[in-house]
Amino acid sequence: MASAAIAVPASRAFGAPYHRLRGADPSSNPTHSALEFDSSDATLVAGFRWAKAQALAYAREDGSIGPWYEAALPGRNAFCMRDVSHMSTGAQFLGLGPRTLNMLRRFAANISASKRWCTWWEITRDGQPAPVDYVSDTNFWYDLPANFDVLDACYRQWLWTRNSAYLDEPFLNFYRRTVSDYVRTWDSDDNGLPAHQRADGHMGIGTYDEDLQNQIQTGGDLVAAQYAAYRDFAAIQQACAKPEIAAEYERRAENLRALYNEKWWDNSRHLYFAAIGEDRHFHPEIQNSTGRSTLELPLYYGIPEPGPKTDAVLNALEDRLKLDQDAIHGVVGGVEGRSYLPDIFYQYGRISAGYTALAAMMDPNLKRREYPEVSFTVIGNLGAGLMGIWPLAQGQAVETFPQLTGKTVWAALHHVPAGGNIISVRHHGQTETALSNESGPTLTWHAGFPGNSASLISDGQLARAQTRTRAGGITESFCVLEVAPGQTQVVRLSSAVRTHAQNRH
């Protein structure tokens, strides 16, 4: 497909070269958030205060679309599909969920056949496609993981907010088109995977590593995002009382996951292949402008199978983190990719690496710290990662799972919006958690801790514990409690398993 060139600054790309950004001034924006964080750990407290102020400085009221927040290169007056998707959890903690809904709805509403079932990659404050990315419906910039990423973000936002708008139009049309027409349109090899062809140019890039557009047909991150979209679409269909469609997409998700873990695994290196190249062969690494290939996104979307394969990739990612720490103040670019690291390490129970990666994102000397994604994901990783607060699919329910290291004796996050509730959570190490239901209906609380315990202690009484295995092979013991409006419940481990939990570093 021939098209006129779109001049795209190098700084727009995922992992692009560094140049100095002019961030929003935290002192100039009146947007308020009730969210507060307290801790014995001064590093985390200072990092939270900076991130909250910086993120809120990107909240905007101008333009014609209503309240929104910047989620692109500062100064663009726009929000981008990848950035919004990744920033949405932090925005939810800050009480900006309605803005996220407004922005995601714009992406959903503008999917169309004329754009080959893409939507607008980047949208301005006036609800128009950003001119730096879009000339016409046959000439625009697009990364193929983006539709899947937005679908994944919409599902997570539905869990967090329980807003039925995410189960209505235009979202339902976007979900359906994404898992069907979008996949078929970009599947040039009839193998079930979207792929970039050279004739597509900057339309339909097969990875989020944008400077590799002419080297990659299908990146591992694209396959992983497609898997997440199928998985989440199945859950959405279940919530919409359509079990047959849900079962079909559960099957498709598991088939895609099996394909990735069988065909994409490079046994000689004990790592996954990075991509299928333009030569239609697997490539172990296709390096971008930062000089390294992306390991993080398949882990972020959860496609690697549990066990040795996941462990091998996590180990490689930790090794890379250690190298990065040696040059944290002088490293060139890559802040977008770095922002995924705390997500991943906390998701898989690598809490020491999670803390290191999170502290690095808070570091005042980090290059391009002003990029909006950094401050928003710091907030999201404090809440969902270190504090382990997450909404559950079953009704008005949340889980907590403390992921504090020895550097943090205690930590508390106050005034967290979760569905129809506002809650506060306080952890003492990995052995005691208090949850307050500040407002809203009675809340179901899954109070989890690392380790294998037959019972937990709830407000001084023994409570029968259940166990399960979390991502990363971490054993969790948990009990399920009902927390009435205005009530605070406290759960702790018994001394028999407390030592094990405290040593999980």
Side-chain angles (χ1 to χ4, degrees), residues 39 41 44 89 156 224 228 231 257 261 270-272 295-322 325 338-361 377-378 380-392 398-411 413 425 427-433 446-453 456 465-479 491-493 497-505:
S39 178
D41 190 330
L44 297 181
T89 299
R156 287 185 280 110
R231 176 196 64 201
R257 193 182 199 199
N261 283 282
H270 296 287
L271 288 173
Y272 292 96
L295 295 169
E296 54 265 29
L297 289 179
L299 287 166
Y300 173 76
Y301 294 115
I303 196 171
E305 66 183 25
K309 292 179 181 179
T310 292
D311 291 341
V313 183
L314 286 166
N315 291 340
L317 205 57
E318 282 204 56
D319 289 343
R320 197 178 83 181
L321 178 68
K322 293 172 185 175
Q325 287 307 110
R338 285 172 174 271
S339 69
Y340 287 89
L341 297 183
D343 278 301
I344 293 162
F345 289 130
Y346 282 124
Q347 178 182 338
Y348 290 92
R350 301 284 182 112
I351 63 174
S352 182
Y355 182 93
T356 299
L358 179 58
M361 299 307 290
T377 56
V378 162
N381 285 307
L382 275 172
L386 183 130
M387 299 297 292
I389 305 169
W390 200 256
L392 298 176
V398 298
E399 67 174 9
T400 62
F401 187 75
Q403 303 209 84
L404 280 59
T405 70
K407 295 181 179 179
T408 310
V409 177
W410 62 270
L413 196 62
V425 175
H427 297 306
H428 189 278
Q430 298 177 49
T431 62
E432 182 178 292
T433 300
H446 290 229
F449 299 90
N452 190 342
S453 176
L456 301 170
Q466 303 176 56
T467 60
R468 65 176 179 174
T469 302
R470 297 176 65 88
I474 305 300
T475 299
E476 175 187 9
S477 298
F478 67 96
C479 63
V491 179
R492 62 181 174 85
L493 288 176
V497 294
R498 190 175 302 172
T499 300
H500 170 80
Q502 288 177 331
N503 288 335
R504 188 176 67 94
H505 299 316

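Nothing here was measured: the structure is a model prediction, and the numbers come from that model.
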- Message: So, using side chain to side chain contact (heavy atoms under 4.5 Å, CB included) as the criterion, who are the partners of Ala312 when residues are at least two apart?
- Response: Trp265

- Task: Taking ring-ring contact (aromatic ring centres under 6.0 Å, His included) as the test, write out the residues that go with Tyr300, two or more places apart.
- Result: His86, Tyr340

- Could you give the distance from OG1 (Thr408) to CG (Leu44), rounded to the nearest 0.5 Å? 4.5 Å

- Message: Can a donor-acceptor pair be found, under 3.5 Å and without considering hydrogens, that links the side chain of Asn261 to the backbone of Ile303?
- Response: yes

- Task: Sequence neighbours left out, what passes salt bridge (Lys or Arg N to Asp or Glu O under 4.0 Å) with Glu432? Give chain and number order.
- Result: none

- Could you grab the distance from atom CZ of Arg338 to atom OG1 of Thr377, nearest 0.5 Å is fine? 12.0 Å

- Message: Quick one, Asp343 and Asn381 - any side-chain contact, counting heavy atoms below 4.5 Å?
- Response: yes

- Note on the structure: So the side chain to side chain donor-acceptor pair (under 3.5 Å) pairs with at least one residue in residues 303-316 (sequence neighbours excluded) are Asn315-Arg350

- Query: Are any side-chain N or O atoms of Tyr348 and backbone N or O atoms of Leu299, one a donor and one an acceptor, separated by less than 3.5 Å?
  - Reply: yes

- side chain to side chain contact (heavy atoms under 4.5 Å, CB included) against Gln347, all qualifying residues, sequence neighbours excluded: none

- Message: When you compare the side chain of Leu386 with that of Tyr346, does any pair of heavy atoms fall below 4.5 Å?
- Response: yes

- Measure the shortest side-chain to side-chain distance between Leu358 and Val378 over non-hydrogen atoms and say whether it is less than 4.5 angstrom. yes

- Has the side chain of Ser477 got a donor or acceptor atom that lies under 3.5 Å from a matching backbone atom of Gly451? yes

- Task: Determine the minimum heavy-atom distance between Ala357 and Leu341, stating which atoms define it.
- Result: CB-CB, 3.9 Å

- Interatomic distance, CZ@Arg320 vs CD@Glu296, rounded to 0.5 Å, equals 4.5 Å

- Task: Provide the closest heavy-atom pair for Pro298 versus Ala224 in the form atom of the first, atom of the second, distance.
- Result: CA-CB, 3.6 Å

- Taking C-beta and beyond as the side chain, do Leu456 and Leu493 meet within less than 4.5 Å on heavy atoms? yes

- Note on the structure: Sorted by chain and number, sequence neighbours left out, salt bridge (Lys or Arg N to Asp or Glu O under 4.0 Å) with Arg257 holds for none

- Atom of Gly429, atom of Pro402 and distance for their closest heavy-atom approach: O-CB, 3.6 Å

- Message: Taking Phe478's backbone N and O only, do any of them form a donor-acceptor pair with Arg468's side chain (distance below 3.5 Å, no angle check)?
- Response: no

- Between Ser39 and Trp410, is there a donor-acceptor pair closer than 3.5 Å when you use the side chain of the first and the backbone of the second? yes

- Output yes when a side-chain donor or acceptor of Gln403 lies under 3.5 Å from a complementary backbone atom of Gly385, and no otherwise. yes

- Query: For Phe401 and Pro450, which heavy atoms make the closest approach, and how far apart are they?
  - Reply: CE1-N, 3.4 Å

- Query: How many angstroms lie between atom CG of Asp41 and atom OG1 of Thr405, to the nearest 0.5 angstrom?
  - Reply: 7.0 Å

- Can you name the closest pair of heavy atoms from Val491 and Phe449 and give their distance? O-CZ, 3.3 Å

- Message: Any side-chain to backbone donor/acceptor pair from His427 onto Met387? Under 3.5 Å, distance only.
- Response: yes

- Query: How many angstroms lie between atom CD1 of Ile474 and atom CD1 of Ile351, to the nearest 0.5 angstrom?
  - Reply: 8.0 Å

- Verdict with reasoning, Thr433 to Arg492, per side-chain contact (heavy atoms from CB on, under 4.5 Å): CA-CA 6 Å; Thr433 300; Arg492 62 181 174 85; over 6 Å; no

- Pro304 and Val313, any side-chain heavy atoms less than 4.5 Å apart: no

- Which distance, rounded to the nearest 0.5 Å, do you find between the CD1 of Ile389 and the OG1 of Thr89? 12.0 Å

